[in-house]
Trainee: 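My questions all concern the structure below.
Only this structure's heavy atoms are used, side chains among them; waters, hydrogens and symmetry mates stay out. Please read all numbers here as calculations on a predicted model, not as lab measurements.
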Amino acid sequence: MLNGKTAIITGASRGIGAAVARKLSSLGADTALVCAGKIDLAEAVSAECRSLGVRSKSYLCDVADFQAAKELVGQVKKDFGGVDLLVNNAGITRDGLILTMSEADFDAVLDVNLKGAFHMIRHCAPLFLRQKRGAIVNLSSVAGLMGNPGQGNYAASKAGLIGLTKTVARELASRGITCNAVAPGFIDTDMTRALPLDREELLKTIPLGRVGTPEEVAQAVVFLLEAGYITGEVLRVDGGIAM
Ligand code: NAD
């Protein structure tokens, strides 16, 4: 069902985005990999995808920039002949307690995590509507469901993504277009490796007793991209943290 489709994956140079790109490629989808810096990393993932016999290209684009996102979608359409799937995975953290958080840190996280997803949906939706098909998956987080001390900006952006997901799902459902979210818990990526955490204490908070892998999240993303009769859903991939 994903065979021959074209997917845009933002934040695909590493971590969860790269795992989604590899998984989609293994299922026969062409992939447009978007990252904000270090294009060589995205290009290496792209080369892995191409080695699976599908088309893949990497693109440098700051999704927080409305116009740049518009040009990106136009370029992907030109390069691949269309766009069928969108995975809004690009995300950043600028952690800090609410008493000391700067306005710049709040804005930066909202701009990438929430507005970035809006920009991409805003520019892909017209293509999806014309085709009367398309599927969107947004990467939220358990922080958006539960809150997390030190992550007011991040949790707000991820909770906002859930409202955006459900609204887009309702607006586009009549044309057969789905929009869902995945809410990962603690996944082993560069993002979480950078956090100053006591790993033993962390594992005590996860019912399944271990962190997740990017591949486990990618599996959920692909499931939702394929599932034609699920829309507006938030699927937790969190080892039970937020149940
Ligand atoms: P990561 O930090 O390893 O990778 C982030 C990716 O986003 C990179 O490819 C980076 O280039 C890209 N990116 C950052 N800013 C961008 C911008 N302005 N424009 C375009 N691309 C940009 O992250 P990850 O751990 O793989 O997480 C991926 C997504 O999953 C994020 O949205 C994150 O919030 C979410 N998530 C991760 C975890 C986790 O435990 N790792 C948990 C919950 C949710």
Trainee: Any side-chain to backbone donor/acceptor pair from Thr31 onto Ala7? Under 3.5 Å, distance only.
Mentor: no

Trainee: Assess whether side-chain contact (heavy atoms from CB on, under 4.5 Å) is satisfied between Val34 and Ile8, documenting all intermediate values.
Mentor: CA-CA 7 Å; Val34 183; Ile8 297 181; 3.9 Å; yes

Trainee: Find the distance between CD1 (Ile9) and CD1 (Ile16) and round it off to the nearest 0.5 Å.
Mentor: 13.0 Å

Trainee: Following the transitive rule for hydrophobic clusters with a side-chain heavy-atom cut-off under 4.5 Å over Ile, Leu, Val, Met, Phe, Trp and Tyr, establish whether Ile206 and Val217 coincide in one cluster.
Mentor: no

Trainee: Heavy atoms, side chains only, cut-off 4.5 Å: are His119 and Val63 in contact?
Mentor: no

Trainee: Please say whether more than 12 non-hydrogen atoms of neighbouring residues, nucleotides or ligands are located less than 6.0 Å from CD in Gln219.
Mentor: no

Trainee: For Glu233 and Leu235, indicate whether the former's side chain and the latter's backbone hold a donor-acceptor pair under 3.5 Å.
Mentor: no

Trainee: Any donor and acceptor pair, going by atom type alone, linking the side chain of Asp188 with main-chain N or O of Thr213 inside 3.5 Å?
Mentor: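 A pair under 3.5 Å: no.
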
Trainee: Could you tell me whether a side-chain N or O of His123 sits under 3.5 Å from a main-chain N or O of Phe66, the two making a donor and an acceptor?
Mentor: yes

Trainee: Between Asn180 and Gly232 (side chain of the first, backbone of the second, donor and acceptor by atom type, cut-off under 3.5 Å), is there such a pair?
Mentor: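 Yes: the side chain of Asn180 pairs with the backbone of Gly232.
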
Trainee: CD1 of Ile136 to CG of Leu86: how many Å apart, nearest 0.5 Å?
Mentor: 5.5 Å

Trainee: Is the backbone N or O of Phe80 less than 3.5 Å from a side-chain atom of Arg55, with the two atoms forming a donor-acceptor pair by type?
Mentor: yes

Trainee: Decide yes or no for Phe186 and Thr205: does some side-chain heavy atom of the first lie under 4.5 Å from some side-chain heavy atom of the second?
Mentor: no

Trainee: Report whether Val83 and Val168 are members of the same hydrophobic cluster (ILVMFWY, side-chain heavy atoms less than 4.5 Å apart, transitive linking).
Mentor: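 Both belong to a single hydrophobic cluster.
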
Trainee: Do you know the tightest heavy-atom contact between Ala32 and Tyr59?
Mentor: CB-CE1, 3.7 Å

Trainee: Do Leu202 and Val211 have side chains that approach each other closer than 4.5 Å (heavy atoms only, starting at C-beta)?
Mentor: yes

Trainee: Taking Asn113 as the fixed residue, which of Ser141, Ser157, Ser140 is the one that meets the side chain to side chain donor-acceptor pair (under 3.5 Å) rule?
Mentor: Ser157

Trainee: Donor-acceptor pair, Ser51 side chain versus Glu48 backbone, under 3.5 Å?
Mentor: yes

Trainee: Return the SG to CG distance between Cys179 and Leu172, rounded to the nearest 0.5 Å.
Mentor: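 Spacing of SG (Cys179) from CG (Leu172) equals 7.5 Å.
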
Trainee: Measure the OG1-CE distance between Thr10 and Met120 for me, rounded to the nearest 0.5 Å.
Mentor: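 That separation rounds to 6.5 Å.
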
Trainee: With rounding to the nearest 0.5 Å, note down the distance linking CG in Asp95 to CG in Asn148.
Mentor: 8.0 Å

Trainee: Okay, side chain of Lys158, backbone of Gly147: is any donor-acceptor separation there less than 3.5 Å?
Mentor: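 No, Lys158 side chain to Gly147 backbone: no donor-acceptor pair under 3.5 Å.
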
Trainee: Is it the case that more than 12 heavy atoms not belonging to Arg50 sit under 6.0 Å from its CZ atom?
Mentor: yes

Trainee: I need the minimum non-hydrogen distance between Thr231 and Ala169, along with the two atoms involved.
Mentor: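 Result for this residue pair: OG1-CB, 3.4 Å.
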
Trainee: Decide yes or no for Ser56 and Leu33: does some side-chain heavy atom of the first lie under 4.5 Å from some side-chain heavy atom of the second?
Mentor: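 Ser56 reaches Leu33 side chain to side chain.
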
Trainee: Where is the tightest heavy-atom contact between Val45 and Ser13, given as atom of each residue plus distance?
Mentor: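 Heavy-atom minimum between the residues: CG2-O, 3.7 Å.
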
Trainee: State yes or no: do Leu161 and Met191 share one hydrophobic cluster built from I, L, V, M, F, W and Y residues joined by side-chain heavy-atom distances below 4.5 Å, directly or via other members?
Mentor: yes

Trainee: For Leu24 and Leu225, run side-chain contact (heavy atoms from CB on, under 4.5 Å): C-alpha distance rounded to whole Å, both residues' side-chain angles, the deciding distance at 0.1 Å, then the answer.
Mentor: CA-CA 10 Å; Leu24 284 173; Leu225 287 174; 3.9 Å; yes

Trainee: Within a strict 4.5 Å, meaning less than it, do heavy atoms of the Ile92 and Tyr154 side chains meet?
Mentor: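 Not in contact.
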
Trainee: Of all the heavy-atom pairs spanning Ala227 and Thr178, show the shortest one and how long it is.
Mentor: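 Closest pair (atom of Ala227, atom of Thr178, distance): O-CG2, 4.3 Å.
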
Trainee: Do Asn89 and Val20 come within less than 4.5 Å of each other through their side chains, counting heavy atoms only?
Mentor: no

Trainee: Applying side-chain contact (heavy atoms from CB on, under 4.5 Å), run through Val182 and Val137 and close with a yes or a no.
Mentor: CA-CA 7 Å; Val182 169; Val137 171; 4.0 Å; yes

Trainee: May I ask you to decide if Arg14's main-chain N or O and Asp190's side chain share a donor-acceptor pair within less than 3.5 Å?
Mentor: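 No, Asp190 side chain to Arg14 backbone: no donor-acceptor pair under 3.5 Å.
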
Trainee: Taking CD in Gln67 as the centre, count heavy atoms belonging to other residues, nucleotides or ligands within less than 6.0 Å. Is the count above 12?
Mentor: yes

Trainee: Taking all heavy atoms of Ala68 and all of Cys61, pick out the closest pair and write down the distance.
Mentor: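 Shortest heavy-atom contact: O-SG, 3.6 Å.
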
Trainee: If you take all heavy atoms of Gln131 and Asp84, which pair is closest and at what distance?
Mentor: NE2-OD1, 3.8 Å

Trainee: Does the side chain of Val142 come within less than 4.5 Å of Pro184's, by heavy atoms?
Mentor: no

Trainee: Do Arg22 and Ser26 come within less than 4.5 Å of each other through their side chains, counting heavy atoms only?
Mentor: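 They are not in side-chain contact.
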
Trainee: Just by modelled atom types, is the Ile187 backbone N or O under 3.5 Å from a matching donor or acceptor in the Thr192 side chain?
Mentor: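 Yes.
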
Trainee: Spell out, yes or no, whether Phe223 and Val87 are grouped together once hydrophobic residues are joined by side-chain heavy atoms under 4.5 Å, including indirect joins.
Mentor: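 Yes, Phe223 connects to Val87 through the hydrophobic network.
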
Trainee: When you group the ILVMFWY residues by side-chain heavy-atom contacts below 4.5 Å and let the links chain together, are Phe106 and Phe118 in the same group?
Mentor: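 Yes; tracing contacts between hydrophobic side chains, which count when under 4.5 Å, links both residues.
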
Trainee: Give, for atom CG of Leu164 and atom NZ of Lys166, the distance between the pair rounded to the nearest 0.5 Å.
Mentor: 12.0 Å

Trainee: Checking Leu224 against Ile230 for the side-chain contact (heavy atoms from CB on, under 4.5 Å) test, could you report, in this order, the C-alpha distance in whole Å, the side-chain angles of both residues, the deciding distance, and whether it holds?
Mentor: CA-CA 7 Å; Leu224 289 171; Ile230 299 176; 4.0 Å; yes

